[in-house]
> 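Input: one structure, supplied below.
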Amino acid sequence: MIRCYPVGRSGHYLTAAVLLLFSTLVWAESSIAPRSYLIGSGDEVRITVYGQQELAADAQVSATGTVQVPLLGTMIVAGKTSAEAARMIAERYEAGNFLKNAQVNLLVTKYRSQVVAILGRVNSPGKLVLEGPTSLTQALAWAGGIAPTGSERLILTRTLANGRQERTEYDLQQMLNHAAEQQPTVWLKDGDTIYVPNAGRFYINGEVHSPGMYPLDRPLNIRQALSAGGGPTARASDSKVKVFREAADGSVQELIAKPDDRVMDGDVLVVRESLF
């Protein structure tokens, strides 16, 4: 069973409504699980043949990817989907003149061959055995959600068929809000690594209601960052928001910020006082 916990930045937790949405998405993702799961060593399967109860069998896929099939003996099923394996067994029954028009069903009853790692700032990091098709948000829920010091920026690392690693970033808020239904579900694969980095920090000074340090746990623009600080005061300039940002060489750059400019880790935002 997937366990859901509060997910949020330091001092802030998802509201009950968002948690409900999180649970709803987890359930919905389970109901539309992909059919492309490939059987692997350690998985347990159940084989049934329509009208032939004596040919039913429960088996565990061996280290070499095989199972014992009644009348047919050892057959390789690893690397195939359930439908492909069932079709192969049916064809073998027919080719061996054991059955005519064989109707075989193969169901994976326990998924033990695929493992993903969940690292970084989650409440329960570790390895998760995929007990069936599992999405990114389901795995995050299993890990107890994001820790208070964690970012809502999720990093998924996957090894491709050519051996190269693919690194993709996801925004948890975007995955949970109403626009999520327009986005494809992120399904996990064997060997995937999910990493939740530390939340960044930014600072607000000058003419804002609540100057200070704030966590940068998700993508923010200047307008959103100022809102986190309570918004500009009545004395604030509408156009003079300066950003002091450390460059790669260690020097500090002074920039004039636009409302839609993205805030970076370590930025210092200064809201100047209006001269009029």
Side-chain angles (χ1 to χ4, degrees), residues 2-10 12-15 17-34 36-37 114-161 164-202 214-221 223-225 228 260-267:
I2 296 294
R3 297 170 293 156
C4 288
Y5 291 82
V7 180
R9 58 184 182 272
S10 179
H12 296 76
Y13 293 86
L14 290 179
T15 63
V18 176
L19 282 176
L20 178 60
L21 175 59
F22 196 3
S23 302
T24 301
L25 286 176
V26 167
W27 177 87
E29 288 167 356
S30 300
S31 66
I32 57 173
S36 58
Y37 177 85
Q114 302 196 24
V115 179
V116 300
I118 308 176
L119 307 174
R121 297 301 178 180
V122 292
N123 287 304
S124 299
K127 291 185 177 181
L128 169 63
V129 177
L130 302 183
E131 296 282 347
T134 304
S135 72
L136 178 57
T137 51
Q138 286 174 318
L140 186 62
W142 176 88
I146 297 175
T149 57
S151 170
E152 293 181 1
R153 179 171 59 95
L154 313 178
I155 302 173
L156 175 64
T157 303
R158 174 171 294 167
T159 302
L160 304 179
R164 297 183 60 185
Q165 286 195 333
E166 177 184 69
R167 183 177 182 274
T168 309
E169 293 190 10
Y170 297 94
D171 180 357
L172 179 62
Q173 289 294 332
Q174 290 183 0
M175 299 180 74
L176 295 180
N177 66 22
H178 292 293
E181 59 190 37
Q182 306 297 328
Q183 303 176 14
T185 300
V186 181
W187 297 106
L188 298 179
K189 296 183 178 181
D190 181 36
D192 282 354
T193 298
I194 303 167
Y195 177 68
V196 178
N198 282 318
R201 296 287 187 270
F202 68 95
Y214 292 88
L216 185 61
D217 55 3
R218 55 191 170 89
L220 291 177
N221 59 31
R223 183 187 298 108
Q224 293 168 326
D260 292 328
D261 287 347
R262 185 167 177 175
V263 178
M264 307 298 290
D265 186 19
D267 279 356

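Being a predicted model, the structure only gives us computed values, none of them experimental. The figures that follow rest on heavy atoms only: side chains count, while hydrogens, waters and symmetry mates do not. One is the number of the first residue; the rest follow in order along the sequence.
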> Looking at Ala143 and Ile118, what are the two nearest heavy atoms and their distance?
CB-CG2, 3.8 Å
> Could you tell me whether a side-chain N or O of Asp190 sits under 3.5 Å from a main-chain N or O of Val115, the two making a donor and an acceptor?
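Yes; at least one donor-acceptor contact below 3.5 Å.
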> Between Asp265 and Arg201, is there a donor-acceptor pair closer than 3.5 Å when you use the side chain of the first and the backbone of the second?
yes
> Who are the ring pair (Phe, Tyr, Trp, His ring centres under 6.0 Å) partners of Phe202, not counting sequence neighbours?
Tyr214
> Taking the side chain as every heavy atom from C-beta outward, state whether Val116 and Thr134 have any atom pair closer than 4.5 Å.
no
> For Arg164, check salt bridge (Lys or Arg N to Asp or Glu O under 4.0 Å) against everything at least two apart and list the hits.
none
> Just jot down the side chain to side chain donor-acceptor pair (under 3.5 Å) partners of Glu169, sequence neighbours excluded, or say none.
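Testing Glu169 for side chain to side chain donor-acceptor pair (under 3.5 Å), a comparison that skips the adjacent residues, returns Arg153, Arg167.
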> CE of Met264 to CG of Leu216: how many Å apart, nearest 0.5 Å?
8.5 Å
> Nearest 0.5 Å please: distance from the CG atom of Asp261 over to the CG atom of Asn221.
8.5 Å
> Tell me if a side-chain donor or acceptor on Ser151 pairs with a main-chain N or O of Ala199 at a distance below 3.5 Å.
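It does not hold such a pair.
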> Set out, in order, the CA-CA distance, both residues' side-chain angles and the distance that settles side chain to side chain contact (heavy atoms under 4.5 Å, CB included) for Leu154 and Met175, then state yes or no.
CA-CA 10 Å; Leu154 313 178; Met175 299 180 74; 4.3 Å; yes
> Looking at residues at least two apart in the chain, or sitting in another chain, which of them share a salt bridge (Lys or Arg N to Asp or Glu O under 4.0 Å) with Arg158?
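Residues passing salt bridge (Lys or Arg N to Asp or Glu O under 4.0 Å) with Arg158: Asp192.
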> Under the criterion side chain to side chain contact (heavy atoms under 4.5 Å, CB included), I'd like the reasoning laid out for Leu156 against Tyr170: C-alpha separation, chi angles, the key distance, then a yes or no.
CA-CA 8 Å; Leu156 175 64; Tyr170 297 94; 4.0 Å; yes
> Mind checking what makes salt bridge (Lys or Arg N to Asp or Glu O under 4.0 Å) contact with Arg121, not counting sequence neighbours?
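Testing Arg121 for salt bridge (Lys or Arg N to Asp or Glu O under 4.0 Å), a comparison that skips the adjacent residues, returns none.
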> For residues 134-147, which residue pairs pass the salt bridge (charged side-chain N to carboxylate O under 4.0 Å, His left out) check, not counting sequence neighbours?
none
> Could you state the interatomic distance from CG (Leu140) to CG (Leu188), rounded to the nearest 0.5 Å?
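Reported value, rounded in 0.5 Å steps: 10.5 Å.
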> Taking all non-hydrogen atoms of both residues into account, name the closest pair between Asp260 and Arg223 and its distance.
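Reported closest heavy-atom pair: OD1-NH1, 2.9 Å.
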> Which of these, Ile155, Asp217, Ile146, sits in a side chain to side chain contact (heavy atoms under 4.5 Å, CB included) with Val196?
Ile146
> For the pair Ile194 and Leu136, evaluate side chain to side chain contact (heavy atoms under 4.5 Å, CB included) and give the outcome as yes or no after the intermediate values.
CA-CA 8 Å; Ile194 303 167; Leu136 178 57; 3.5 Å; yes
> Can you tell me how far apart CD (Glu166) and CG (Leu160) are? Round to the nearest 0.5 Å.
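Here the interatomic distance stands at 5.0 Å.
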